[in-house]
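First comes the structure, then the notes that go with it.
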Amino acid sequence: MKLEDLANPHIRELEPYQPGRPIEDVERELGIRGAVKLASNENPLGPSPGAIAAVLDNIGLANRYPDGGCFALRARLAPHLGVKPDQLVFGCGGDEILELLVKTFLAPGDEAVMPWPSFAMYPLVVKGMGGVSSRVPLDPEMCHDLPAMIEAVGSRTKLVFVCNPNNPTGTSFGAAEFAEFVAGLPDHVVLVIDEAYCEFARRADFPDSIGLLEDRPATLVLRTFSKVYGLAGLRVGYGMGSPELIGLLERARHPFNVNRLAEVAACAALDDEEHVRRTLELNAVGADYLTEELSAMGYQVWPTDANFILVRMGVGFHQALLERGVIVRPLKGFGLDEHVRISIGRPEENEKLVKALQEIRLGAEAQGSAS
Ligand SMILES: Cc1ncc(COP(=O)(O)O)c(C=O)c1O
């Protein structure tokens, strides 16, 4: 018997998640220096200086188990969000909150409805539990087709994911269409509102998801310290919901899932409002710059409410950019062969991308006129 035959069939069939390639990896392979990574929607400013200091202050306690319940972070975050402390659950990144959700609510054969393309972890965690993903295509503007998502809900549907703003498109939906969607959603499904990028949203009518929690107890709002707070490497995310729903997720949570350094860094990051303000400003300026430059080159760029943009460039561009030391995210795995997702970087990183694209185009033109 092969070892593989011993594994659960739904695990055997899983395609592992492909993360953005690390800078060192690309530099080593291509023998280059000074590569920039605009591929994983990280905060280009780095962590808050306060978060760095908090980590250094606490490293000496690494011999002690952490408080997975995150008492200190909970006490700070609850008033910041306007929820009660028992409405929060913390995870090793938002990814773990997704795991807790499927572990808690999905049995093999149960369905989860999700937009597509969207965050690649949704179908992975669903399949990891033996569940079935029902992927509802985005509309022609690359936005959630919320009416079609309601249509897709059936008797076996346990979870419905929405991602606002959506990864990898950066598009978002507003309060009015969301209210209509929620009103049409049967009570028997748990609604997951993934707001990993909500802090970057610039539209005035961005939905008030926290306001929904009282009226719809089977709802979880997911957020993270990985993006605007710049702590992707430390892994802290959280879910917000009714105390009842949070209590269920707490049963599925491992006791020491969030480490002490992550917790103290998250507390400090939350307190550093100036760092958040600078991050948002840098992102807005960078998003406008890249949108303008790439549109002027004739590429289709989607409006973004996140810290990345979706661009239709043509097949093979991500590789040509990689060879010039610019790592962007190809979206071939989503069936978008001509599209890339570009994270907004610091001004010099964004400029490096634009310059690399200009070089690629000049090279192609020169080749075209020579042949
Ligand atoms: C839409 C979305 N949700 C959740 C996450 C999870 O983030 P993390 O596990 O770093 O908190 C990500 C990360 O990229 C994301 O893009």
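Remember, it's 1-based here, ligands and their atoms both numbered in the order they're listed.
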Are the side chains of [Y] and [X] in contact, using a 4.5 Å heavy-atom criterion?
X    : Y    : answer
N43  : Y229 : no
V236 : L73  : yes
K84  : P243 : no

Give the residue, atom name and distance (to 0.1 Å) of the protein heavy atom nearest [atom].
atom                    : result
atom 9 (O) of ligand 1  : R235 NH2, 2.7 Å
atom 12 (C) of ligand 1 : F119 CZ, 3.3 Å
atom 6 (C) of ligand 1  : D95 OD1, 3.3 Å
atom 1 (C) of ligand 1  : D194 OD2, 3.3 Å

Would you call E13 and K127 a salt bridge, using N to O less than 4.0 angstrom? yes

R253/E250 salt bridge by N-O under 4.0 Å criterion: yes

Determine whether any heavy atom of G237 lies closer than 4.0 Å to an atom of ligand 1. no

Between ligand 1 and N41, can you find any atom pair, the residue atom being a heavy atom, that is separated by under 4.0 Å? no

With V113 as reference, evaluate L159, V160, L185, I150 under the side chain to side chain contact (heavy atoms under 4.5 Å, CB included) test and give the passing residue. V160

Side chains of N166 and S118 only: does a donor on one sit below 3.5 Å from an acceptor on the other? yes

Geometric N/O contact N167 with ligand 1, under 3.5 angstrom: yes

For ligand 1, find out whether one of its N or O atoms is nearer than 3.5 Å to an N or O atom of C163. no

Parallel, tilted or perpendicular: which one describes the rings of W302 and H339, with boundaries at 30° and 60°? tilted

May I ask you to check whether over 12 heavy atoms, not counting those of R361, lie within 6.0 Å of atom CZ? yes

The one among E99, K227, E195 that brings a heavy atom closest to atom 14 (O) of ligand 1: K227

Numbering as shown, the atoms of ligand 1 that approach [X] to under 4.0 Å (heavy-atom distance):
X    : result
G94  : 8 (P), 9 (O), 11 (O)
T224 : 8 (P), 11 (O)
Y197 : 1 (C), 14 (O), 15 (C), 16 (O)
S226 : 8 (P), 10 (O), 11 (O)

